[in-house]
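Comments concern the structure below.
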Amino acid sequence: MIDGEEREEVRRLLVGMLGEEKVLWRAADTVLYRKDTYRIPFESDYEYAPDLVVLPETSDEVREVVRLASERRIPLIPKGGGSNRTGMLVPIHGGIIVDTIKMDGIMELNHRDLHVTAQTGVTLKKLEEYLNEHGFTLTQEQGSHRMATVGGAISTSAFSRKNQKHGTIANRVMSLEVVLADGRKLRTGPKVLYTSTGIGLHHLFIGAEGTLGIVTEATLRVEPLPEERDMVLAFFDDFWRANDAAQRLMSSCVTFTGGEAYEAADAESLGAPEGKKGLFYVGLDGTRGEVEAEREYVRGIVRELGGVIADEEHTRAYMDRYTEQWCGARVETRFEDVLTTYVPMDRIEEFYDRLWGDIMKRHGIRPIPGDRYGLDVGRYKMVGGRYKVPEGADGWREYQAALEEVATLATELGGSISSCHGVGIQHKENIRLEYTEVALDVMRGIKRILDPENIMNPGKKLPDDVGSP
Ligand SMILES: Cc1cc2nc3c(=O)[nH]c(=O)nc-3n(C[C@H](O)[C@H](O)[C@H](O)COP(=O)(O)OP(=O)(O)OC[C@H]3O[C@@H](n4cnc5c(N)ncnc54)[C@H](O)[C@@H]3O)c2cc1C
């Protein structure tokens, strides 16, 4: 926290740099920056507050803010759309939130070399719409695409449901511009997808959660829009039968974009015959011929395993609405949480048995009906489940204890606690289970080189980063 007098001085300096309208300081203006979608204990919902919020428009403005913060050792938290689920933006040490909302310019689309360069505050939805208008796509299908920004997606190493065929944002980053903690501007490398000349510096910022610098511009690989898109939607008796189809598909050679197998409470309204609760869908895109052949292949798997293929009308309706549905409607962020665990595919059954049959039950946590089981089908397999977060301080303690046990279980089975929701403050201690001391030491070393004063999003991501600078 900055003390009163210094805060006023810093505010005046920032106003001098950016102008009055790009500096927020009154409680009424900064209240929305006190938390993000992570469920922190009820009583501390409004305990933390940023000292100031700035809304720069250019990387030069970001640089000026960072230089000032660096001189005075003030914590800085870069902010995108605010949709992360693990408390990455909670200003636990006060400081300045750098909201990138105004940095949403799209600078260059290269039709030949297939890349786009944009400021990092642009939302994935806006960028995708721009690309579609020009015949291209970023290929990233993220449930939070309306809110999440390019900077946020890179900094959380976000998951896309089209990962089987098109990878995630991590596979699309070609070059980044980053304002480092000392105010220098870093260009991580040339705007090429492949080079063997340097150490791949851009990788450092993928999943860094704002702890290493502020990413101000990104050059990303794009693809031409596919000629055809389709989906196979099918119903099985239960999740486990849908999971059999998913496993068969994932070990076949057929190309698909991605998909899901889950237990659906509303399966009948989606066209399922009575009693069929296991839903399985698979996305396809490419040339017309490719999609036709792949569709038949996937349908063959479904039939062989006793599934029922949805008719065209229901498939089309599901396909049209599933991104929007997946986004907001399925997540009530305040009282629910969602697991994005990875466990090896031959341990899923054991994982779910111990999750719902033991751990969650002991801590009084119930799954949301119809969301007990779920598997994201693709290269980056994710095993999920949604549950109610218990109320009150005791409930919150139970929730934290349960999460620690889930983390222990996932890592014991050879998996990962959080395939796509990162660490933030939620998993800060639990990542000790996943990384050796040597690995954590290397991460701390990288942090010390890039941010020696520990001003970049302090107290997040690394286990014993306790610190305000
Ligand atoms: C309904 C819903 C659906 C979701 N679906 C998905 C999904 O499909 N896939 C998935 O991966 N996640 C999903 N999430 C989680 C979340 O949307 C992602 O983590 C997202 O990528 C965060 O982007 P953001 O712009 O909102 O980042 P924020 O929440 O604003 O920030 C996240 C982190 O990135 C850092 N950061 C942001 N911008 C920058 C920058 N320019 N430079 C440096 N650091 C920066 C912040 O400091 C913070 O640590 C979902 C969340 C919700 C609420």
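First listed ligand is number 1; within each ligand, the first listed atom is number 1. Positions are given from 1 along the sequence.
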Task: Polar contact flag for Gly80 and ligand 1 (N/O pairs, less than 3.5 Å) - done: yes

TODO: Report yes if Arg85 has an N/O atom closer than 3.5 Å to an N/O atom of ligand 1; otherwise report no.
DONE: no

- [ ] Give the numbers and elements of all ligand 1 atoms closer than 4.0 Å to a heavy atom of Gly151.
- [x] 38 (N), 39 (C), 41 (N)

Task: pair Leu450-Phe205: side-chain heavy atoms closer than 4.5 Å - done: yes

TODO: Output all residues satisfying ring-ring contact (aromatic ring centres under 6.0 Å, His included) with Tyr130, sequence neighbours left out; order by chain, then residue number.
DONE: His134

TODO: Pick whichever of Lys461, Met147, Met88 has a heavy atom sitting closest to atom 48 (C) of ligand 1.
DONE: Met88

Task: For Ala153, atoms of ligand 1 separated by under 4.0 Å from a heavy atom - done: 21 (O), 23 (O)

Task: Numbered atoms and elements of ligand 1 in range of Gly81, under 4.0 angstrom, heavy atoms - done: 24 (P), 25 (O), 26 (O), 27 (O), 30 (O)

Open item on the list: For the backbone of Lys79 and the side chain of Thr100, can you confirm whether one donor and one acceptor N or O come within less than 3.5 Å of each other?
Closed with: yes

Task: Close side-chain approach of His115 and Arg221, heavy atoms under 4.5 Å - done: no

- [ ] Take Arg11 and Asp51 through the salt bridge (Lys or Arg N to Asp or Glu O under 4.0 Å) test and state the conclusion after the steps.
- [x] CA-CA 9 Å; Arg11 186 188 74 78; Asp51 293 296; over 6 Å; no

Task: Atoms in ligand 1 flagged as close to Asn457, the criterion being non-hydrogen separation under 4.0 Å - done: 47 (O), 49 (O)

TODO: With heavy atoms of Ala158 as the reference, note each atom of ligand 1 found under 4.0 Å away.
DONE: 11 (O), 21 (O)

Task: Ring centers of Tyr380, Phe159 separated by less than 6.0 Å - done: no

- [ ] Considering only NZ, NE, NH1 and NH2 on the basic side and carboxylate oxygens on the acidic side, decide whether Arg161 and Asp376 come within less than 4.0 Å.
- [x] no

Task: Region of Leu89 that comes within reach of ligand 1 [heavy atoms, distance under 4.0 Å] - done: side chain

TODO: Number the atoms of ligand 1 from 1 as they appear, then name those within less than 4.0 Å of a heavy atom of Ala148, with their elements.
DONE: 20 (C), 23 (O), 24 (P), 25 (O), 26 (O)

TODO: Evaluate the side-chain proximity of Ile92 to Ile425: yes if any heavy-atom separation is below 4.5 Å, no if none is.
DONE: yes

- [ ] Identify which of Ala208, Gly82, Cys420 has a heavy atom lying nearest to atom 28 (P) of ligand 1.
- [x] Gly82

- [ ] Decide whether an N or O pair under 3.5 Å exists between Asn84 and ligand 1.
- [x] yes

Task: Closest candidate by heavy atom, reference atom 41 (N) of ligand 1, pool Ile101, Val423, Val215, Thr123 - done: Val215

Open item on the list: Quick check: Pro78 and ligand 1, any N/O pair under 3.5 Å apart?
Closed with: yes

Open item on the list: Below a 4.0 angstrom heavy-atom separation, can you tell me which part of Ile154, side chain or backbone, both or neither, approaches ligand 1?
Closed with: neither

TODO: Over 60° means perpendicular and under 30° means parallel, so classify the ring planes of Tyr373 and Phe239, tilted if in between.
DONE: parallel

Task: Over 12 foreign heavy atoms within 6.0 Å of CZ, Arg184 - done: no

Open item on the list: Any nitrogen or oxygen of Ile214 lying under 3.5 Å from a nitrogen or oxygen in ligand 1? Just yes or no.
Closed with: no

Open item on the list: Pairs of nitrogen or oxygen atoms closer than 3.5 Å, one from Glu141 and one from ligand 1: do any exist?
Closed with: no

Open item on the list: Please check whether Lys79 reaches ligand 1 - meaning an N/O of the residue sits under 3.5 Å from an N/O of the ligand, judged on distance alone.
Closed with: no

Open item on the list: If we ignore hydrogens and angles and just use 3.5 Å, is the side chain of Trp356 paired with the main-chain N or O of Arg372 as donor and acceptor?
Closed with: yes

TODO: Check each atom of ligand 1 against the heavy atoms of Phe159 and keep those under 4.0 Å away; list them by number with element.
DONE: 7 (C), 8 (O), 9 (N), 10 (C), 11 (O)

Open item on the list: For the 3.5 Å polar cut-off, considering only N or O atoms, please tell me whether Thr100 and ligand 1 meet it.
Closed with: no

TODO: Ignoring angles and geometry beyond distance, decide whether Ile77 reaches within less than 3.5 Å of ligand 1 through its nitrogen or oxygen atoms.
DONE: no

Open item on the list: I'd like to know whether ligand 1 has Gly213 as a neighbour, heavy-atom separation below 4.0 Å.
Closed with: yes

Open item on the list: Around atom CD of Glu404, are there more than 12 heavy atoms from other residues, nucleotides or ligands closer than 6.0 Å?
Closed with: no

Open item on the list: Please enumerate all residues that pass side-chain contact (heavy atoms from CB on, under 4.5 Å) together with Ala170, with sequence neighbours excluded.
Closed with: Ser157, Thr168, Ile206

- [ ] Could you tell me if any non-hydrogen atom of Thr120 lies under 4.0 Å from any atom of ligand 1?
- [x] yes

Task: Side chain to side chain, Pro463 and Ile431, heavy atoms closer than 4.5 Å - done: yes

